[in-house]
A.B. asks: 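One structure follows; several queries about it will come next.
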There are 2 protein chains.
Amino acid sequence: MNIGRPPATMTEIAAALGVSSATVSNALSGKGRVSAELSAKIRQAAEELGYVPSHAARALRTGRTGVIGLVLPDISNPLFPQIAQAIEQAAAAAGYGVLIADSRGETAQQTAAIGRLIERGVDGMIVVPRRGSRIGDIGTPVAIIDSPSTPGNTVSSDHRNGGVQMGRHLASLGHRKVLLIAHSRESNVQNDRIGGLEAGLGKDIRCETLWVGDLENSHGAGCALGLAARVADGFTGFAAVYDLLALRALTELQRDGVDVPLQASVSGFDDLVWSSVVMPSITTLRQDLATIAECAVEALGDAIADSQTATGDPLVARQNREGVPMMLVARQSTGPAAGAVVSAVSNAREDSR
Amino acid sequence: MNIGRPPATMTEIAAALGVSSATVSNALSGKGRVSAELSAKIRQAAEELGYVPSHAARALRTGRTGVIGLVLPDISNPLFPQIAQAIEQAAAAAGYGVLIADSRGETAQQTAAIGRLIERGVDGMIVVPRRGSRIGDIGTPVAIIDSPSTPGNTVSSDHRNGGVQMGRHLASLGHRKVLLIAHSRESNVQNDRIGGLEAGLGKDIRCETLWVGDLENSHGAGCALGLAARVADGFTGFAAVYDLLALRALTELQRDGVDVPLQASVSGFDDLVWSSVVMPSITTLRQDLATIAECAVEALGDAIADSQTATGDPLVARQNREGVPMMLVARQSTGPAAGAVVSAVSNAREDSR
DNA sequence: TATATTTGATTAAACGATTAATCACTTTGG
DNA sequence: CCAAAGTGATTAATCGTTTAATCAAATATA
């Protein structure tokens with residue numbers, strides 16, 4: 001590659017070969033009618049001259065920039081790196097660039113950020129909504145990654161089934177009294193996970209949900225969750241709805257002298273970076289973000305294509321795919337319930353308590 | 001805003017006012033010679049018609065896209081959300097969009113990602129290098145955020161002084177035997193922090209550095225650090241070089257029944273999201289990422305402007321600014337050394353509710 | 001053989017903003 | 001009073017690509 005030189009243009013290739021620039025365009029895009037030989041020659045010349053298409057010119061002519069926006073209203077979300085990585089990868093494979101938008105969690109800033117993306121001419125955007133906030137019609141194709149139970153959702157993990165998996169995992173370890181730890185009642189994702197956990201645990205198991213958001217409203221952010229008292233109260237399982245809460249639970253229990261996993265099991269969701277590094281490492285559910293990103297980009301691409309032709313169509317990319325499965329990653333933070341007999345294979349022996 | 005309508009163009013404004021499009025361009029950019037009255041009228045018409053400049057057309061004509069690339073080779077870095085947020089904010093304020101590049105930590109992918117950015121016509125890029133890797137001349141202006149001791153560095157936190165602050169903090173708490181926990185000897189940032197810690201602790205305090213990277217090479221990733229043994233050996237302070245290591249240290253100590261901060265103090269760097277949420281919350285040093293991002297964007301903007309005029313100039317943005325100060329955030333994970341007399345000076349607690 | 005049809009290429013007009021060159025008028029200056 | 005300078009606008013070219021319209025020549029059809 002000849003770095004630093006202004007890259008060759010179609011016109012230059014055309015001049016070098018004595019053909020018209022239209023023919024070069026046709027040959028390179030494979031659209032018009034160009035003889036096979038000439039096409040090959042052009043392609044070769046392009047290679048040799050180090051041709052790089054001008055995105056700006058193409059965008060001006062076609063009205064499409066080949067760029068999509070990524071909107072993470074809650075950018076402080078620790079899952080962000082993984083999502084961004086997955087989206088960027090999928091977008092690059094589909095020929096898109098990814099422009100990021102940030103809103104510091106505030107709605108006003110979010111609107112401004114989206115506006116900036118639109119002014120920059122993004123062809124569409126992928127939005128991971130904040131706690132069930134709705135995205136109105138913004139005149140641009142949108143793909144939404146939230147939860148299968150969200151109306152207008154394009155693609156997402158099967159959070160409910162993830163909950164079921166974790167519920168079964170805890171149940172199989174003999175836990176009979178489990179505390180579910182969530183933050184906000186308004187989050188579709190959290191509700192789905194809670195629902196799944198309850199289903200997976202089954203009706204024989206006592207469970208209760210601790211809403212940390214409510215607790216913090218009265219006791220201040222970062223307050224203690226009082227989990228040691230729960231242990232004293234007979235709880236042996238603590239299933240958090242995302243890893244940050246699991247970490248909070250784990251450290252609080254440890255600080256208060258509760259051994260994990262001997263006296264209590266802790267689990268989370270999302271497999272964030274620290275989950276595998278902490279002692280004990282945290283049992284969690286990993287999202288298949290690569291697949292989700294691919295689906296989102298693909299659906300968005302379709303919506304973009306549609307928006308070119310039929311106007312007035314719904315600009316929200318729909319996808320009838322089932323929720324993408326989550327994967328249980330069993331680590332050290334979950335183990336047999338204290339004083340319980342674990343049914344390794346069958347549930348023939350009920351309990352000994 | 002009239003959403004959905006194709007936005008007005010300069011030509012349309014010109015037609016509506018019966019002037020030429022050149023005049024409109026001049027009025028809106030303030031460059032040519034336009035009478036004050038006409039200029040005002042044009043500006044008003046632009047407002048009323050909902051004029052939105054076409055970035056594509058402008059890019060085609062001027063050769064500048066108004067977009068910069070953000071390259072985080074180690075995208076799994078948990079600091080990424082904060083960096084991305086800060087850069088996006090600063091870039092937006094300076095009129096730039098931010099295109100992200102990902103490389104999954106692999107050098108080959110990094111080159112490809114940078115290539116994609118260049119093909120997309122970014123005006124420049126901001127790079128946070130991975131563990132002291134060098135960025136070669138890529139024919140595009142670059143700003144580098146790494147460490148003051150890195151050659152070619154544009155702007156960064158004063159990691160060394162951060163280390164000094166933390167060292168003094170620990171010293172003032174009476175710790176006499178401190179274990180410094182780092183990962184890689186190749187990281188400039190980590191070396192700076194280690195150096196600062198040693199200086200801040202002073203020569204009266206015994207300290208030793210644990211290189212987790214070395215340890216993992218022989219014992220496997222995620223292995224135990226053996227910190228409880230260190231406590232038995234008289235160590236009371238554990239100063240990690242970033243929060244993820246601090247968290248690892250904290251949980252390992254807790255799991256092994258060491259009380260933090262009663263028996264041992266733990267500290268980190270970066271103030272990542274979990275540091276304030278964990279029990280006990282982690283004493284750490286916060287980077288002033290907003291300032292860093294502003295400096296980086298500004299320096300990059302200058303380099304971009306330079307690259308337009310003088311060719312052959314160094315394309316790496318230099319900035320003679322001192323390292324940006326870091327801020328000590330004292331939390332619960334550090335306290336007086338077991339059995340030590342504390343000098344009652346620096347005990348400003350963030351959360352002494 | 002005269003007329004369609006197909007093939008392979010060219011022409012030229014966009015897309016929307018920027019900008020050097022130009023022009024018609026005033027205003028100044030000597 | 002006439003040349004020089006200044007003012008406020010217009011003209012027209014340009015950036016690089018796409019694409020509808022056109023065209024010439026070869027091939028097929030009647």
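Chain identifiers are assigned alphabetically (A, B, ...) following the order of the sequence lines, protein sequences preceding nucleic acid strands; residue numbering begins at 1 within each chain.
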A.B. asks: With sequence neighbours excluded, give me every salt bridge (Lys or Arg N to Asp or Glu O under 4.0 Å) pair touching residues 24-36 of chain B.
C.D. replies: none
A.B. asks: Looking only at heavy atoms, what is the nearest atom pair of A:V297 and A:A91, with distance?
C.D. replies: CG2-N, 4.0 Å
A.B. asks: With sequence neighbours left out, write down each residue that passes side chain to side chain contact (heavy atoms under 4.5 Å, CB included) with B:N153, or none if nothing qualifies.
C.D. replies: B:I144, B:D146, B:T150, B:S156
A.B. asks: Quick one: list whatever passes side chain to side chain contact (heavy atoms under 4.5 Å, CB included) with A:S149, sequence neighbours left out.
C.D. replies: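 Residues passing side chain to side chain contact (heavy atoms under 4.5 Å, CB included) with A:S149: A:S147, A:N188, A:D192.
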A.B. asks: Show the nearest heavy-atom pair for residues A:I304 and A:G124, with the distance to one decimal.
C.D. replies: CD1-N, 4.1 Å
A.B. asks: Using five base pairs at each end, measure the axis-to-axis angle across the helix from C:dT1-D:dA30 to C:dG30-D:dC1 and round it to 10 degrees.
C.D. replies: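 Between the first-five-pair axis and the last-five-pair axis there is 50°.
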A.B. asks: Sequence neighbours left out, what passes salt bridge (charged side-chain N to carboxylate O under 4.0 Å, His left out) with B:R116? Give chain and number order.
C.D. replies: A:E88
A.B. asks: Holding to side chain to side chain contact (heavy atoms under 4.5 Å, CB included), I want the full list of residues that pass it with A:A22, two or more places apart in sequence or in another chain.
C.D. replies: A:S20
A.B. asks: Return the CD1 to CD distance between B:I100 and A:Q85, rounded to the nearest 0.5 Å.
C.D. replies: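 One finds 9.5 Å between CD1 of B:I100 and CD of A:Q85.
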A.B. asks: Give each protein N/O atom lying under 3.5 Å from an N/O atom of nucleotides 4-9 of chain D, with the pair distance.
C.D. replies:
| unit_1 | atom_1 | unit_2 | atom_2 | d |
| --- | --- | --- | --- | --- |
| D:dG8 | N7 | B:R33 | NE | 3.2 |
| D:dG8 | N7 | B:R33 | NH2 | 3.4 |
| D:dG8 | O6 | B:R33 | NH2 | 3.1 |
| D:dA9 | OP1 | B:S35 | OG | 3.0 |
| D:dA9 | OP2 | B:S35 | N | 2.3 |
| D:dA9 | OP2 | B:S35 | OG | 3.1 |

A.B. asks: Once rounded to the nearest 0.5 Å, what's the spacing between atom CG of A:L28 and atom CD1 of A:I13?
C.D. replies: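 Separation between the atoms: 6.0 Å.
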A.B. asks: Which pairs, with at least one residue in residues 38-47 of chain B and sequence neighbours excluded, count as a side-chain hydrogen bond (donor to acceptor under 3.5 Å, both in side chains)?
C.D. replies: B:S39-B:R43, B:Q44-B:E48
A.B. asks: Give me each pair satisfying side-chain hydrogen bond (donor to acceptor under 3.5 Å, both in side chains) with a member in residues 7-17 of chain B, each pair once, sequence neighbours excluded.
C.D. replies: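 Found none.
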A.B. asks: Listed by chain and number, what are the side chain to side chain contact (heavy atoms under 4.5 Å, CB included) partners of A:S25, not counting sequence neighbours?
C.D. replies: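 If we apply the side chain to side chain contact (heavy atoms under 4.5 Å, CB included) test to A:S25, skipping adjacent residues, the hits are A:M10.
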A.B. asks: Which is true for B:T9 with a 4.0 Å heavy-atom rule: it touches a base, it touches only sugar-phosphate, or it touches nothing?
C.D. replies: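 If one applies the 4.0 Å heavy-atom cut-off, B:T9 turns out to touch the sugar-phosphate alone, with no base involved.
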A.B. asks: Scan residues 55-68 of chain B against DNA chain D and write down, sorted by residue number, each residue with any heavy atom closer than 4.0 Å; if none is found, say none.
C.D. replies: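 Heavy-atom cutoff 4.0 Å gives B:L60, B:R61.
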A.B. asks: Going 5' to 3' on DNA chain C, which nucleotide is the first and which the last to come under 4.0 Å of a heavy atom in chain A?
C.D. replies: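 With heavy atoms of chain A under 4.0 Å away, the range is C:dT7 to C:dG16.
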